[in-house]
Number of protein chains: 2
Amino acid sequence: MKGRILEAARHLFAEYGFSGVTTRMLAREVGIDISTLYYHWGEKQDLYDAVMADLSCEIRAKLREIERMVHGGSLAHRLEVAIDVMCDWLFAHPEAAKLMLSSYMGKSRSAPDAHVPIKEHIANIAVAMGLALDRTRVPARANARVLTVWNSAINFTAGEDFFLPMLGVDRDEYRSVVKDTLKFILIPAFAQSSAA
Amino acid sequence: MKGRILEAARHLFAEYGFSGVTTRMLAREVGIDISTLYYHWGEKQDLYDAVMADLSCEIRAKLREIERMVHGGSLAHRLEVAIDVMCDWLFAHPEAAKLMLSSYMGKSRSAPDAHVPIKEHIANIAVAMGLALDRTRVPARANARVLTVWNSAINFTAGEDFFLPMLGVDRDEYRSVVKDTLKFILIPAFAQSSAA
DNA sequence: GTAGGCTTCCAACAAATGATGGATTCTCGT
DNA sequence: ACGAGAATCCATCATTTGTTGGAAGCCTAC
């Protein structure tokens with residue numbers, strides 16, 4: 001039950017934002033009483049924090065998995081696999097992308113260190129991609145390039161319902177176009193960087 | 001007064017989202033009574049719609065201005081100027097970026113055609129950049145590439161407060177890094193596209 | 001079976017919120 | 001000066017929302 005509530009909260013918070021979700025909405029979605037919700041997770045803010053903590057954990061695991069997966073290949077191969085795997089996961093979990101986006105923009109939601117793991121992993125990706133040698137001293141420009149890839153993936157997955165009709169393609173083709181676009185645009189830039 | 005309310009609403013809605021803003025918040029921000037708010041703009045949803053319509057209009061004008069500005073130059077020059085001017089404007093109006101971002105992701109806020117002008121202008125940019133010949137038949141991949149530029153600019157401006165500490169630079173340097181990154185990553189990709 | 005703990009529901013409350021009617025003030029043309 | 005219309009404020013209402021106390025149900029160890 002605790003899990004079912006968390007999952008429902010995850011989807012609702014992603015869709016409507018923190019203030020856009022009421023405790024009654026949540027209870028109705030799960031099919032339980034409001035009190036049961038409070039019994040398991042405490043107040044609304046605590047539940048939201050739990051959702052974000054859970055998400056943060058998943059992201060960290062996924063990034064570690066990718067890091068292991070691409071270890072040792074060429075730069076182009078690393079980029080291609082990373083983009084493929086990350087996009088697949090994000091397309092399968094668009095709520096994750098939406099939650100991340102709103103946590104980026106919103107005014108100090110939850111703890112200020114909720115984004116720290118992201119920061120660390122962006123730095124790790126920069127090192128893994130050969131843009132920096134030491135993960136404690138990643139140049140701002142290298143971080144910015146990794147962030148551009150990351151944000152683009154988040155955007156296209158979180159905003160699929162919005163962007164899909166703009167491109168005039170069907171669902172499968174959209175996902176293919178997004179991956180190709182990320183690779184097409186980003187791989188040459190990074191390759192150029194590593195050559196310089 | 002109508003204008004002052006609209007501007008306050010613009011900033012508050014951008015920061016806290018539609019549900020995160022109360023009519024009392026708005027009234028207090030402007031320093032007026034709640035009723036005055038209703039007198040000028042009707043219900044909260046109407047005010048939100050007005051904010052979005054106003055924003056849509058501004059974006060359209062800005063894009064037209066850029067289109068005129070870069071008319072006739074080389075592809076690289078067009079891209080560079082477009083990125084410079086658009087980033088300058090977005091950095092000066094981060095609420096605009098935040099509003100756009102939330103309108104992309106939110107579940108059917110306001111009228112469904114609120115995004116149509118964006119769609120048209122993305123297509124226009126694609127044509128202006130030489131990625132398509134006819135603005136009614138822009139290939140999905142060309143649109144996707146333009147969208148990537150667009151979204152990246154929106155992200156870095158809307159999330160400045162979040163990304164700035166991640167890059168460990170000051171405000172001015174951040175804006176410079178963002179512009180450089182967008183140009184560095186995107187110009188080669190588009191140039192490669194036009195060569196193919 | 002039954003005592004005790006874990007889970008769920010019912011009912012309710014205080015505060016916040018969207019919205020409105022009517023009184024009051026302000027503006028300005030005559 | 002004054003009167004009409006626009007603009008603003010005060011007081012208030014009905015709902016919604018977050019949250020809680022306590023009763024009822026369910027499960028399990030003895």
Side-chain angles (χ1 to χ4, degrees), chain A residues 1-56 95 98-99 102-103 105-112 114, chain B residues 1-56 95 98-99 102-103 105-112 114:
Chain A
M1 174 54 63
K2 247 189 131 175
R4 269 176 56 200
I5 297 176
L6 194 70
E7 181 140 9
R10 183 183 170 122
H11 285 85
L12 284 181
F13 281 137
E15 209 63 65
Y16 302 101
F18 179 79
S19 318
V21 176
T22 74
T23 55
R24 283 164 177 82
M25 242 188 246
L26 270 162
R28 199 178 315 126
E29 178 78 15
V30 187
I32 58 172
D33 188 83
I34 322 169
S35 316
T36 308
L37 216 148
Y38 281 84
Y39 172 77
H40 285 288
W41 291 104
E43 7 184 313
K44 187 181 164 190
Q45 181 69 51
D46 292 339
L47 176 54
Y48 183 84
D49 291 346
V51 167
M52 293 311 284
D54 184 54
L55 172 68
S56 204
E95 1 76 49
K98 293 188 185 189
L99 284 173
S102 46
S103 89
M105 312 305 161
K107 199 133 192 172
S108 68
R109 280 263 185 262
S110 76
Chain B
M1 174 53 62
K2 250 188 128 174
R4 270 176 56 199
I5 296 176
L6 194 71
E7 180 141 10
R10 183 182 170 123
H11 285 85
L12 284 181
F13 281 137
E15 209 64 63
Y16 302 101
F18 178 79
S19 319
V21 176
T22 74
T23 54
R24 284 163 177 81
M25 240 189 249
L26 271 163
R28 199 177 317 125
E29 178 79 14
V30 188
I32 56 172
D33 189 81
I34 321 169
S35 316
T36 308
L37 216 149
Y38 282 86
Y39 172 77
H40 285 288
W41 291 104
E43 8 184 311
K44 188 180 161 190
Q45 180 70 51
D46 292 338
L47 176 54
Y48 182 84
D49 290 347
V51 167
M52 295 309 285
D54 184 54
L55 173 68
S56 205
E95 0 76 51
K98 293 189 182 185
L99 285 172
S102 48
S103 90
M105 311 307 162
K107 200 134 191 170
S108 68
R109 281 262 185 263
S110 75

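Naming convention: chains lettered A, B, ... in sequence-line order (proteins, then strands); numbering from 1 in each chain.
- At whole-Å resolution of the value, CG in A:Leu47 and P in D:dG18 are 11 Å apart.
- Across residues 3-13 of chain A, not one residue has a non-hydrogen atom less than 4.0 Å from an atom of DNA chain D.
- Counting any heavy atom pair closer than 4.0 Å across all strands shown, B:Val30 reaches no nucleic acid atom.
- For the pair B:His40 and D:dT8, the criterion of a side-chain N or O lying under 4.0 Å from OP1 or OP2 is met.
- For the side-chain hydrogen bond (donor to acceptor under 3.5 Å, both in side chains) test, residues two or more places apart in sequence or in another chain that qualify with B:Asp33 are B:Ser35.
- Using a 4.5 Å heavy-atom threshold, the side chains of B:Thr36 and B:Val30 count as separate.
- Rounding to the nearest 0.5 Å gives a distance of 11.0 Å between OH of B:Tyr16 and OG1 of B:Thr22.
- Close to D:dT8, at under 4.0 Å from its OP1 or OP2, lies no side-chain N or O of B:Tyr39.
- In this structure, the CZ atom of A:Arg28 is 12 Å from the C1' atom of D:dT17, given to the nearest Å.
- Two residues are said to be in side-chain contact when any heavy atoms from C-beta on lie closer than 4.5 Å; A:Leu6 and A:Leu47 meet this criterion.
- Minimum interatomic distance between A:Gly20 and B:Ser19 (heavy atoms only, all atoms of both residues): CA-OG, 3.6 Å.
- The span of DNA chain C lying next to chain B, judged by atoms under 4.0 Å from heavy atoms, is bounded 5' to 3' by C:dT17 to C:dG21.
- For A:Thr22, taking side-chain heavy atoms from C-beta onward, the closest of the listed nucleotides D:dT17, D:dA7, D:dT19 is D:dT17.
- Within a 6.0 Å radius of CD in A:Glu7, no more than 12 heavy atoms belonging to other residues, nucleotides or ligands are found.
- The nearest whole Å value for the distance from the CG atom in A:Leu37 to the P atom in D:dG18 is 10 Å.
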The contact string for nucleotides 9-14 of chain D, one letter per nucleotide 5' to 3', using protein heavy atoms under 4.0 Å with B, S and - for base, sugar-phosphate only and none, comes out as BB----
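- A pairwise comparison of heavy atoms in B:Lys98 and A:Met105 identifies NZ-O, 3.9 Å as the closest pair.
- Residue pairs satisfying the salt bridge (charged side-chain N to carboxylate O under 4.0 Å, His left out) criterion with at least one member in residues 16-29 of chain A, sequence neighbours excluded, are absent.
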Under 3.5 Å, which donor-acceptor pairs do the side chains of residues 37-44 of chain B form with other protein atoms, sequence neighbours left out?
from	atom 1	to	atom 2	distance (Å)
B:Trp41	NE1	B:Lys2	O	3.3
B:Lys44	NZ	B:Phe18	O	3.0
B:Lys44	NZ	B:Val21	O	2.8

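- In plain terms, the two heavy atoms of B:Leu26 and B:Ala8 that are nearest each other are CD2-C, 4.1 Å.
- Separating the CG atom in A:Leu12 from the CD atom in A:Glu95 is a distance of 11.0 Å, to the nearest 0.5 Å.
- Note: CH2 (B:Trp41) to P (D:dA7) measures 12 Å, nearest angstrom.
- Here the P atom of nucleotide D:dT8 and the NZ atom of B:Lys2 are 12 Å apart, to the nearest Å.
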